[in-house]
Structure formats: C-alpha cells, structure tokens
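Taking it in order: structure first as structure tokens, then the write-up.
All chains are named by letter (A, B, ...) in the order of the sequence lines, taking the proteins before the strands, and each is independently numbered beginning at 1.
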Amino acid sequence: MDTADRLDLVSRHTQEVVTEDELEGLFEDGDPSAYIGYAPTGEMHIGHFTTMRKLADFLRADVDVTVLIADLHAHLDDNKSPFDLLDARSEYYRVAIEGMIDAAGADPDDVEFVRGTDFQLDEEYTLEMYRMAAETTIARTQRAASEVVRESESPNLGGLIYPLMQTLDVKALDADIAYGGVDQRGIYMLSREILPDHGGHSPVCVFAPLLSGLSGGKMSASDAASKVNLTDSPDEVEEKIGQAYCPAGDVEDNGVLEYLNHLVFPVLDVEGEPFVVERPEEYGGDLTYESYEAVEEDFVSGELHPADLKPAVGTAISEVIDPVRERLLDRPELLAEAYPETYGDE
RNA sequence: CCGCCCUUAGCUCAGACUGGUAGAGCAGUCGACUGUAGAUCGACUUGUCCCCCGUUCAAAUCGGGGAGGGCGGACCA
C-alpha cells in the first residue's frame, strides 16, 4: 500500500489531522504507532464505537495500534469512576473495545492493550509529571482540559493533573500518532507544545468528529435517549432511532444520518453489503444504496423520507453492534461489577 | 486553628425572618398536529426538604450536635 492510500485510510471519517504533512512524513519513514486512550467511566455506546471503528482503518494502513485503558484518568476526572471500581470497569472496557474492533472487521489481537496504572506509577513517569506541574500554569492546564474533564463548581486538583498525565502517556507509549475525538484537541495541543521540553516529541494528532446525539444537538452521557448503548436490544435500538431528531431533507444535527455515514457504511463496506431501505409500495417501494453519498442525496432531495430511513438505520445499527452485544451479554458479570448501581443484583 | 455562608424534584433554585407537613422554571411522561423526530399547543408526574437529637398539638422552617461543600482570616520561624 502506498503512502497516498495509507493517508487516505487514516484520515477518512476524521475531523482534523494535525498535521497532514507530518502524517505523510511518518508513513514515508515506515510503520508509525498510534494510540487511543479511554478513561473507563460510563457505559460505552455507539459514539465510542464510531471512534473505535477507525482503528480498523489504522490497522489496514499498517499502523501499530495501542489502546490505553486510562483507569487513573477515570478517577482523576471528578471521580467519574470510584477508585474501587477501576478494575471492573477496565475489564469491561477491554472486552467491549475488543468486541468493537472485531465488529469493525479487524482482529482484536492485532491491538495492544495497556492499562494506565501499569506504567503511570513508574518513577520516571511520576518525576516528569512533577516537573511538568512546576512548569505549566493552572490556566493553561484548565484550558487544555476544559472539553474533557467535567466542569464543576468546585473542581478537584485531579482534573489538572489529568492533561499532564495524558501528555506523558504519549511519550510512555512511544506513540507517533495520538488519536481521539476532537474533544481531546485541547489536551493534545498542550502535548504538542510541552512534550518536547520533557523528553518526548510532538505527536501527530488525528481527531474523530463528535457526532450528534439522537435528540438533536450534542450527544449527552446523561441523556439515555440521545445514544444507543452497546447492549441495547434490537427493539430498543429501533425504538431510540425511531424517536430520534431527523427533520426531512436536513442533514444538520442529524444523528441518524451521521451514524449511517460514519459507522454503518464503513462496516457494510468491509462486508461488501449494500444498505437496503424497505419502503411501502405506496411511497415507491424498496431502495438499495451502495454509498452514503447516495443516501444523503435522496434524503436532501426529499426522495427518501425519514419515516422510511429510520427503521432501516435502526436495523442496520442493531446488526452492526450485534457482535459487541453478544460478547457483553455473554459475560453479564462484567456490567454487574462495573456498574453495580445499574446492574447489581443485590 | 478561628470566623462566616451553603446543602429542598433529574438540573437551577424559591420557600426559612413571622412553625401548619413543599413550589417555580427547565427536564421527563402522555395526547393533538405533522407519513419520523423536532417545533407548537393541551394535560400530567416528580421529593429520605443532608443526617441525628431536642422544643412543639405540629419542624424544610426554631435550638443543639454531626457530615459534606464554599469563602475569608490567622500562622508564615
């Protein structure tokens, strides 16, 4: 595979690459390494899946991929995960992520999994963190973390350590590329700025878009109706998609189309399957699409009505998450232990 | 270590002075209207009033104690 193809694979379905030139340089030098970090906090949903699916693109482009389960980060971010649940949530995240990679058509064994506490307590790492703390202002750190760390009236110190550690993770994992949602942009821009002063080098950054929630506007972790969980049953998925904000002809804030574009079609492509919309004869009969662009064209023109699109997308999403759902339902203890408040049977 | 302030619905808060066992906005649920959803109307729901003890016929409200949080002061050899 030549550099142009690799660039294309890595940058498709992304919002931004910082910078394209640097990325090209990495490919010309050989096989670069990339990492994505996830703080094991709340339950995973299709938003995570969409970001994770791209790992299949990285692998196809011969990029070495590491997934960091950032357990300490999950605790440092305003106690999103209680310290006692870090083990259970880390395990749940690992299994869920393996399932997503598998469902995306790649082999989970090709990805290296690392847990934050495996190396973040090393003396060298810790010492460098203190030195960073001495050299970085509170304001700079807050700005970097503002899109990631939970805003609170009385923020904890942990939220400020968070971006410094994330920066050191890049170095510790020896990653050429830092991949994540655009919400991570602030932190990685800080990393590019200060990591060279701390024995590392500025990572190339690849940012995935944050897709709209199903209620219109941004997806919200606290709004169950705005997202599809990986363990939602087919009925629940179709129900949620049916309830989704989806104005006819309008692509703006349209989660239904966005998930079709960034999640469903890439997976269908791997399987070589088209996207089929079943439609009553009364409205013109069934439709078959080979590309997202064709769907969008019909949607914008009014040829394809939301009421016909929704059930088709619901079914498609349900099928896409099915391998993940199966893995998780196969091991119900994972969720029960990770989220005892929700799934505990006591 | 000292002083002051805060804690009421999922969220933001009112009610406390002048005790009568709780309210608003937003959110949510359900209908109407749309071949979906939203918007818009219409209806509805929501609570260990942080915990304990006490006063009282009666405590979110008064008194005492405690917990959590915030702000300030003091200390600075």
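- Judged as a salt bridge (charged side-chain N to carboxylate O under 4.0 Å, His left out), and not counting sequence neighbours, A:Glu239 has no contacts.
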*List the steps, then state whether side chain to side chain donor-acceptor pair (under 3.5 Å) holds for A:Ser226 with A:Ser215.*
CA-CA 5 Å; A:Ser226 80; A:Ser215 319; 4.8 Å; no
Tell me which donor-acceptor pairs under 3.5 Å the side chains of residues 200-208 of chain A have, and how far apart each pair is, sequence neighbours excluded?
{"residue": "A:Ser202", "atom": "OG", "partner": "A:Arg192", "partner atom": "O", "Å": "2.7"}

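- For the segment residues 277-302 of chain A, residues with any heavy atom less than 4.0 angstrom from an atom of RNA chain B are, sorted by number, A:Tyr283.
- Applying the side chain to side chain contact (heavy atoms under 4.5 Å, CB included) criterion to A:Asp8, with sequence neighbours excluded, gives no partner residue.
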Protein N or O to nucleotides 6-12 of chain B N or O, pairs below 3.5 Å:
none

Detail all sub-3.5 Å separations between protein N/O atoms and N/O atoms belonging to nucleotides 37-42 of chain B.
{"residue": "B:A37", "atom": "O4'", "partner": "A:Ala244", "partner atom": "O", "Å": "3.3"}
{"residue": "B:A37", "atom": "O4'", "partner": "A:Lys310", "partner atom": "NZ", "Å": "2.8"}
{"residue": "B:A37", "atom": "O2'", "partner": "A:Gln243", "partner atom": "O", "Å": "2.8"}
{"residue": "B:A37", "atom": "O2'", "partner": "A:Ala244", "partner atom": "O", "Å": "2.8"}
{"residue": "B:A37", "atom": "O2'", "partner": "A:Tyr245", "partner atom": "N", "Å": "3.1"}
{"residue": "B:A37", "atom": "N3", "partner": "A:Cys246", "partner atom": "N", "Å": "3.2"}

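- Legend: residues meeting salt bridge (charged side-chain N to carboxylate O under 4.0 Å, His left out) with A:Arg89, ordered by chain and number and at least two apart, are absent.
- The side chain to side chain donor-acceptor pair (under 3.5 Å) check on A:Tyr245 picks up nothing, with sequence neighbours excluded.
- Listed by chain and residue number, nothing satisfies the salt bridge (charged side-chain N to carboxylate O under 4.0 Å, His left out) test with A:Glu147 (two or more places apart in sequence, or in another chain).
- Every residue two or more places apart in sequence or in another chain was checked for a side chain to side chain donor-acceptor pair (under 3.5 Å) with A:Asp107, and none qualifies.
- Residues that satisfy the salt bridge (charged side-chain N to carboxylate O under 4.0 Å, His left out) test with A:Arg115, not counting sequence neighbours, are A:Asp71, A:Asp87.
- Every residue two or more places apart in sequence or in another chain that forms a ring-ring contact (aromatic ring centres under 6.0 Å, His included) with A:Phe58 is listed here: A:Tyr179.
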